[in-house]
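Just below is one structure, and these are the notes that go with it.
Sequential numbering from 1 along the given sequence is applied to the chain's residues. Being a predicted model, the structure only gives us computed values, none of them experimental. The basis for the numbers below is simple: all heavy atoms, side chains too, and nothing from hydrogens, waters or symmetry mates.
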Amino acid sequence: MRWACRRGMLELDVLFAPFVEEAYDDLTPEQQAVFRRLLTCDDPDLFAWFMGHTSCPDPELADMVALMLRRVKV
């Protein structure tokens, strides 16, 4: 999981790495599945969602983005 959290952008690395280290184990199995699905998304899309440039069209992924932003303080 840690390897999958290594992204091509530093801005994403500072969100994903701490989240997987500090919060992933506390997620429900359903949330963990959504997180794993989020990891399959393209970096430009992730960047836009996390920086608030665009909204994620998938409600489950959008909820995970919001959860991650609340949990990881950067």
- Message: Looking at every non-hydrogen atom in both residues, tell me the closest pair between Phe16 and Cys5 and how far apart they are.
- Response: CB-O, 3.6 Å
- Got a second to check how far Leu38's CG is from Asp45's CG, nearest 0.5 Å? 10.5 Å
- Would you check if Phe50 and Val72 make a side-chain contact, meaning some heavy-atom pair closer than 4.5 Å? no
- Leu15 and Leu69, any side-chain heavy atoms less than 4.5 Å apart: yes
- Message: For the OG1 atom of Thr28 and the CZ atom of Phe35, what is their distance to the nearest 0.5 Å?
- Response: 13.0 Å
- Query: Considering all heavy atoms of both residues, which atom of Val34 and which atom of Leu61 are nearest to each other, and what is their separation?
  - Reply: O-CD2, 3.7 Å
- Tyr24 and Arg36 side chains, donor-acceptor separation under 3.5 Å: yes
- Go through Leu67 and Gln31 one step at a time and tell me if the side-chain contact (heavy atoms from CB on, under 4.5 Å) criterion holds. CA-CA 10 Å; Leu67 174 67; Gln31 289 173 313; 4.1 Å; yes
- Query: If you look at every heavy atom in Arg71 and Glu22, which pair is closest and at what distance?
  - Reply: NH2-O, 3.7 Å
- Can you sort out the partners of Asp58 under salt bridge (Lys or Arg N to Asp or Glu O under 4.0 Å), two or more places apart, ordered by chain and number? Arg37
- Message: The criterion is side chain to side chain donor-acceptor pair (under 3.5 Å); which residues satisfy it with Asp43, sequence neighbours excluded?
- Response: Arg7
- Report the distance from atom CE of Met64 to atom CZ of Phe19, rounding to the nearest 0.5 Å. 5.5 Å
- What is the distance from atom CG of Asp63 to atom CE of Met68, rounded to the nearest 0.5 Å? 13.0 Å
